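Below is one structure, written out as structure tokens, with a few remarks after it.
Start at 1 with the first residue, then count along the sequence. Remember, predicted model here, so these are calculated numbers, not experimental data.
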Amino acid sequence: MTSTETPLVRVLEADGRYAPSAAAEQYLPLIDALTDAELEQFYRDMVVIRAIDTQATNLQRQGQLALWPPSRGQEAAQVGSARAARTQDTIFPSYREHAVTRIRGVDPVDILSVMRGNSHGGWNPTDPKNGNTRIYTLVLGSQTLHAAGFGMGLVFDGKTGSGDADRDEAVITYYGDGASSQGDVHEAMVFAASYNAPVLFFLQNNHWAISVPVQTQSKVPLVNRGAGYGIPSVRVDGNDVLASYAVSRALLDETRAGNGPRAIEAVTYRMGAHTTSDDPTKYRGGDEEQSWAQRDPIARMRAFLEGRGAAASFFDDVDTEAADAAEDLRARTVALTAPGRELMFDHVYSEPHPRIDEQKAWLDEYEASFEGGAE
């Protein structure tokens with residue numbers, strides 16, 4: 001089956017027209033139930049995170065960060081799915097889910113502290129303010145194993161499948177088309193399917209695993225990989241925030257109810273570099289980028305909202321909030337100070353451990369042996 005033959009859930013056309021595809025029909029009640037405020041929040045989320053993402057890229061170029069993975073172009077896939085999750089759900093991100101983490105409550109500066117070298121993890125995933133969001137994972141695909149294991153634990157602990165949507169828990173894990181070729185992802189699907197774990201595998205197919213195009217990685221649509229393990233899978237227009245929301249909401253509810261794992265392939269595009277150490281002009285052409293620029297998720301949602309009569313003042317307010325958020329990010333990032341050397345010993349064990357005390361003492365003695373001692 002070719003990608004063109006695979007049903008694609010799309011609600012909004014590239015120009016913002018409300019024109020649901022045949023595959024979207026079953027999800028329309030979820031979209032119809034959205035309020036004007038919720039629809040506008042989707043747009044606000046996308047615009048603000050793009051401003052933050054742009055500012056972070058600039059900070060890296062100016063020497064304030066060691067690295068930054070841009071998310072430009074993938075905002076709709078992330079915002080829709082994150083808004084679809086319930087408060088009690090747990091999120092296992094990769095390293096580009098800036099919109100997801102912000103929606104769940106993570107301070108974007110905590111992400112930048114990792115990319116700046118000021119933190120080993122960024123945030124405490126058990127702190128309620130971070131919305132059950134696990135830390136970024138740079139080892140490709142490993143977060144899917146963590147998600148599968150966590151989901152299995154929910155089954156063992158009776159925290160899912162009771163039929164109470166306000167209590168039952170689910171897991172959503174994010175990964176890219178490149179990571180979909182990793183063995184970890186396939187092993188995670190095996191265990192999630194075998195144990196009926198409440199996991200939603202959310203694949204953001206942005207078409208490029210660094211410099212390798214998706215057609216080189218797979219001869220069939222990536223959505224088929226989940227289906228190969230008996231996991232019901234849906235292909236979504238990842239640049240359509242409404243489609244991303246509706247399908248994610250439906251599948252999360254299904255898996256939370258005890259029906260086993262689900263999978264989504266969100267077809268989107270990485271408009272920028274893989275990371276700021278990458279130069280995409282070396283492996284892809286401008287025509288491709290221009291083609292996808294015409295499907296920009298923010299422009300699409302803005303056109304839709306304008307067609308519904310959203311006021312110009314709303315868009316002005318969003319632009320102001322985005323600019324303020326970007327400036328706040330810059331100010332707090334450049335104010336970060338280097339951590340002390342003791343940070344390398346923190347959080348190795350959850351309880352005090354004599355080996356850690358020994359290693360600290362050895363380092364003190366070693367540094368004191370140099371002229372001038374430890375500084």
Side-chain angles (χ1 to χ4, degrees), residues 1-12 14 20-24 26-27 30 71 73-82 84-85 91-94 96-97 99-100 140-141 143-144 147-148 170-190 192-193 199-209 212-252 254-255 260-271 292 295 297:
M1 178 181 289
T2 66
S3 60
T4 56
E5 295 171 335
T6 305
L8 183 72
V9 177
R10 175 184 292 131
V11 179
L12 301 180
S21 65
Q26 63 180 301
Y27 303 103
L30 289 168
S71 63
Q74 298 180 220
E75 295 90 353
Q78 294 187 18
V79 169
S81 58
I91 314 298
F92 285 84
S94 179
R96 202 186 303 276
E97 282 69 54
V100 175
L140 291 185
Q143 72 278 7
T144 62
V171 179
I172 180 169
T173 183
Y174 294 87
Y175 59 106
D177 47 293
S180 74
S181 297
Q182 292 287 122
D184 285 3
V185 175
H186 296 266
E187 291 169 8
M189 288 184 168
V190 168
V199 180
L200 173 59
F201 292 89
F202 196 95
L203 163 60
Q204 294 177 83
N205 176 4
N206 66 20
H207 284 76
W208 289 94
V212 180
V214 67
Q215 59 265 29
T216 299
Q217 298 182 66
S218 179
K219 300 306 179 184
V220 299
L222 296 180
V223 68
N224 291 0
R225 288 185 167 173
Y229 296 102
I231 300 175
S233 306
V234 181
R235 204 165 198 250
V236 174
D237 184 336
N239 284 15
D240 179 351
V241 69
L242 299 185
S244 176
Y245 166 81
V247 176
S248 297
R249 186 73 171 190
L251 268 57
L252 279 167
E254 289 174 9
T255 191
R262 297 291 188 267
I264 289 174
E265 179 198 356
V267 183
T268 182
Y269 191 76
R270 167 170 54 81
M271 290 299 297
W292 279 95
R295 293 175 255 182

So how far is it from L251 CG to L200 CG, rounded to the nearest 0.5 Å? 6.0 Å

Closest contact, heavy atoms only, Q217 versus G178: OE1-CA, 3.3 Å

Taking S81 for its side chain and S248 for its backbone only, find out whether a donor-acceptor pair lies under 3.5 Å. no

Rounded to the nearest 0.5 Å, what separation is found between the CD1 atom of I91 and the CD atom of Q143? 12.5 Å

A side-chain contact here means heavy atoms from C-beta on lying under 4.5 Å apart; do F201 and T173 qualify? yes

So does Y174 get a backbone contact from the side chain of S94, meaning a donor-acceptor N/O pair under 3.5 Å? no

From OG (S218) to CD (E265), nearest 0.5 Å: 8.5 Å

So how far is it from I172 CD1 to R262 CZ, rounded to the nearest 0.5 Å? 14.0 Å

What is the distance from atom CG of L222 to atom CG of N205, rounded to the nearest 0.5 Å? 5.0 Å

Separation between OH (Y175) and CG (L140), nearest 0.5 Å, reads 13.0 Å

Would you say the side chain of R96 lies within less than 4.5 Å of the side chain of N206, judging by non-hydrogen atoms? yes

Closest approach of V234 to Y27 (non-hydrogen atoms, all atoms of both residues): CG2-OH, 3.6 Å

Atom of Y245, atom of A84 and distance for their closest heavy-atom approach: O-CB, 3.6 Å

Angle between ring planes, W292 versus Y269, binned at 30° and 60°: parallel, tilted or perpendicular? parallel

For the student: nearest non-hydrogen atoms of A77 and A266, plus distance: CB-CB, 4.0 Å

Go through it in stages, so that I can follow the logic: the residues are S244 and F202, the test is side-chain contact (heavy atoms from CB on, under 4.5 Å), and I'd like the CA-CA distance, side-chain angles, deciding distance and then a yes or no. CA-CA 10 Å; S244 176; F202 196 95; 3.9 Å; yes

Give a yes or no on whether the backbone of L12 and the side-chain of D240 come within a donor-acceptor separation of less than 3.5 Å. yes

Taking every heavy atom of V241 against every heavy atom of A76, the minimum-distance pair comes out as N-CB, 3.6 Å

Is it true that a side-chain atom of E97 and a backbone atom of Q78 form a donor plus acceptor pair closer than 3.5 Å? no

Could you tell me whether the side chains of T268 and N239 share a donor-acceptor contact shorter than 3.5 Å? yes

Applying side-chain contact (heavy atoms from CB on, under 4.5 Å) between I264 and each of V223, V236, V9, report the one that passes. V236

Applying the side-chain contact (heavy atoms from CB on, under 4.5 Å) test to R270, which of Q204, H207, Q74 qualifies? Q74

Is it the case that the side chain of E187 and the backbone of D184 share a donor-acceptor pair, with hydrogens and angles ignored and the cut-off at 3.5 Å? no

Side chain H186, main chain S180, donor-acceptor under 3.5 Å: yes

Could you report the tightest heavy-atom contact between R10 and A24, atom names first, then the distance? O-CB, 3.5 Å

Is there side-chain contact between P221 and T6, with at least one heavy-atom pair below 4.5 Å? yes

